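Proteins get letters first, then strands, A, B, ... in listed order; numbering begins at 1 in each. Heavy-atom basis, side chains included; hydrogens, waters and symmetry copies ignored. Computed from a prediction, not measured in an experiment: that's the story for all the values here.
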Amino acid sequence: MTHANPSPDDDALLPLDAVRERPGPGRAARARPGVVRAAGVAREQGVAEQVRGVPEPAAELPVARVVVDTPLPHLDRLFDYLVPAPLDAAAVPGCRVRIRFAGKLVDGFLMERVETTEHQGRLTRLERVVSAEPVLTPEIAALARVVADHYAGTMADVLRLAVPPRHARVEAEAVAASGTGTDPRAESEAAEPSGEPGSERTAGEPETGEAGPRPPEPVRERREHGPGEEQGVVPGPGQGGDSEPERGPGPWADYREGEAFLAALAKGGSPRAVWTALPGTDQDGPGWPRAVAVAVRETLHGGRGALVVLPDGKDVALADAALSAVLGPGAHVALTADLGPAERYRRWLRLSRGQVRVAVGTRAAAFAPVADLGLAVIWDDGDDLHSERLAPYPHTREVLALRAHRARAGLLIGGYARTAEATQLIATGWAGPIVAARQAVRARAPRVRPAGEDSELARDEAARAARLPSLAWRILRTGLESGPVLVQVPRRGYLPALACQGCRAPARCGHCGGPFALRGGHVAPYCRWCGRIAGEWRCPSCGGARVRAQVVGARRTAEELGRAFPSVRVKTSGRDGVLATVGAARALVVATPGAEPVPEGGYAAAVLLDGWALLGRPDLRAAEETLRRWMNAAALLRPSAELVVLADSSLPVVQALLRWDPVTHAERELADRTELGFPPAVKMATLTGSPAGVREMLGEVALPPEAQVLGPVPVASPRGDQVRERAMVRIARGSGATLAAALKGAVGVRSARKAAEVVKVCIDPLDVI
DNA sequence: ACCGTGGAGGGT
DNA sequence: CCCTCCACGGTC
């Protein structure tokens, strides 16, 4: 930073009231290096003017363009403020400011300093520069803008996700550390051209002001400036040489396109790939974390930074460990929610200041300020944790795709299974596939055996009680002779959905199409959306009149399983209390999907009990999601270990698991959705709110003529009693930007008009029925 | 959201 | 002739 020992009462950090009390020449002399000005005199005058309430503006670039932190959609643009001379040095692009907006003091980010304003009328002055730390880099600012546009949201909402809250003490301590050299990593920073990240970084950044998001093109061209030209390859301490003796392809040797992908990263290219990872867990754990780390290493070798985003803390821990092993200590930072605000901000600052070039973390890390990004990785893009739950509900895959495209970085979408969305990226030619040879798949995949509903139950009394087929019981018992075994059970708290007894088609409400459920005590099923009781229900596909519950009580299954194997330790892992790992000792591990502990040396066997629950869900993604959860569990088995899935082998999804062929399944899924006009083949948006609000908005929104409106239909309300409805808007993929703009426009007009009924807009919603 | 403006209405 | 209250529209 600019000075060695900034104190909390640095004038740049304080409101002018405080400055007024202590106007000292010593303070005023601390100007930003590189901006030469005769500050002393002007500044003293400025302070004097302050006392009379008329600010003396900064001599150069006196206008600050500010993005204001307001939730109001119609105010989603930049506002101009006057930079008072005393704040001149601190008011750097990307810094946090406080401004008076509509009479209230609010937060904002200073986007740029300019000479003049378009605004007619007087400019208000910046009230305060919160800190001169340039936390909003031009790249992230531009990314937040395009993400907001893509999701019909506001830039301020996206920035709340992208930039962590400030922690003043951490900001100060880190400055002191890197300035005094007490930070063990400070030496690597000394190699950088400048101690001030803000000014240095802007040079290589893509233009921030370009119009709209470009459609992705299948480019694989080289970057304009070759690798290592500007800054040289700056390896972190401990990285390169000593800890990594040779740079082989490692796990990528198993994939046909693997080495080409690595080579493209190393020479500064922008390869984009959907990677279908090999299953199997052995002494070294699952293979994917190391593969990710090697791809990151190649990117660093090409002189650029990298970013890895994973669905949950368990996967972050795996990737974190692999990065430490491959890159050496201190070459990356891990960003997760459980760090607490101080440590999170501390690590985030190391990235933002260019002291570290690699970040790994959960979904908010998609916005981490990795400088000169060369590779973005998302693991398991089908996991709904990648979908942000705060407005405007961006998805990690989409954010990283937009970001990689803009930064001309590589993108790696990895997983055991494959989403229809990733398949679509391949279909359009924007990304290429990375798959292993069939022979390698056969060598690593488990041996899967289906046990349909009609299969024989175990003869053992306890196993019968747990509804275990004899095949499953035998395989678990055999597995338990050599190590831990896994039982995947449906998620706790899953409301049992109902299906036709005859053909197992999900039973839906005749009124609104919602799913039926059974409530404790009630005999008749009721609709979970509109609450109607299913009186005279008839299955639309086979005419049957009887329904069956899809789920056997989950927790009970776990308890009963324990009784079926009395001499074995039972460990559970689920929503509350996720177990990250289990040892190699014999144990029966009962886990819900996504919470399966990673076993040392791999599971010896597994049974997937939740097939009916997963497949019976009234959801567009039911089959894809089922295969994803099955494969994520099955990949934790030792190569060729035995696995039983309780589902009918005639189902395509069971076949895909048997053959370990997620690619064909995903291609078929995409083809089906294309035929039905479902996402990702088409663009979807939902409008949710009160019936009046949704109808009003549908009447106002200037939709393109080819847009198709479905509904509105009643939906379950989060807060019980009030009635809510949801409408869907469907349009061709290519018109996504037009649709988003139209919806944003309508939302803005409504908010400007202070329409009483707030309507929530969601683009690319996950829960399309 | 919140503030400032200005029109209408009633009181001075 | 002025004051106040509420509705409406802008927010640098």
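Closest approach of A:Val399 to A:Pro394, counting heavy atoms only: CG2-CB, 3.8 Å.
Proximity of A:Trp348 to A:Pro369: side-chain heavy atoms (C-beta onward) are separated by under 4.5 Å at one or more points. Under the 4.5 Å side-chain criterion, counting only non-hydrogen atoms from C-beta, A:Leu126 is in contact with A:Leu110.
The side-chain hydrogen bond (donor to acceptor under 3.5 Å, both in side chains) check on A:Arg65 picks up A:Asp80, with sequence neighbours excluded. In this structure A:Arg160 satisfies the side-chain hydrogen bond (donor to acceptor under 3.5 Å, both in side chains) test together with A:Asp69, A:Asp157, sequence neighbours excluded. Residues satisfying the ring pair (Phe, Tyr, Trp, His ring centres under 6.0 Å) test with A:Phe101, not counting sequence neighbours, are A:Phe79. Residues that satisfy the side-chain contact (heavy atoms from CB on, under 4.5 Å) test with A:Pro71, not counting sequence neighbours, are absent from this structure. Remark: A:Glu343 engages A:Arg346, A:Arg347 in a side-chain hydrogen bond (donor to acceptor under 3.5 Å, both in side chains) (not counting sequence neighbours). With sequence neighbours left out, the side-chain hydrogen bond (donor to acceptor under 3.5 Å, both in side chains) criterion links A:Arg100 to no other residue. Listed by chain and residue number, nothing satisfies the side-chain contact (heavy atoms from CB on, under 4.5 Å) test with A:Gln120 (two or more places apart in sequence, or in another chain).
The CD1 atom of A:Ile140 lies 9.5 Å from the CG atom of A:Leu159; values are rounded to the nearest 0.5 Å.
Following rounding to the nearest Å, A:Leu75 (CG) and B:dC2 (P) show an atom-to-atom distance of 14 Å.
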May I have the list of side-chain donor-acceptor pairs in residues 757-769 of chain A shorter than 3.5 Å, sequence neighbours left out?
unit_1	atom_1	unit_2	atom_2	d
A:Glu757	OE1	A:Ser690	OG	2.8
A:Asp764	OD1	A:Lys683	NZ	3.2
A:Asp764	OD2	A:Lys683	NZ	3.2

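Interface limits on DNA chain C: the 5'-most and 3'-most nucleotides within less than 4.0 Å of chain A heavy atoms are C:dG9 to C:dC12.
Contacts between residues 65-74 of chain A and DNA chain C, defined by a heavy-atom separation below 4.0 Å, involve A:His74, listed by number. Near-neighbour residues of DNA chain B inside residues 744-753 of chain A, defined by a heavy atom below 4.0 Å, are absent.
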Extract from the structure each pairing of a protein N or O with an N or O of nucleotides 3-6 of chain B at less than 3.5 Å, listing the distance.
unit_1	atom_1	unit_2	atom_2	d
B:dC3	O4'	A:Ala102	O	3.4

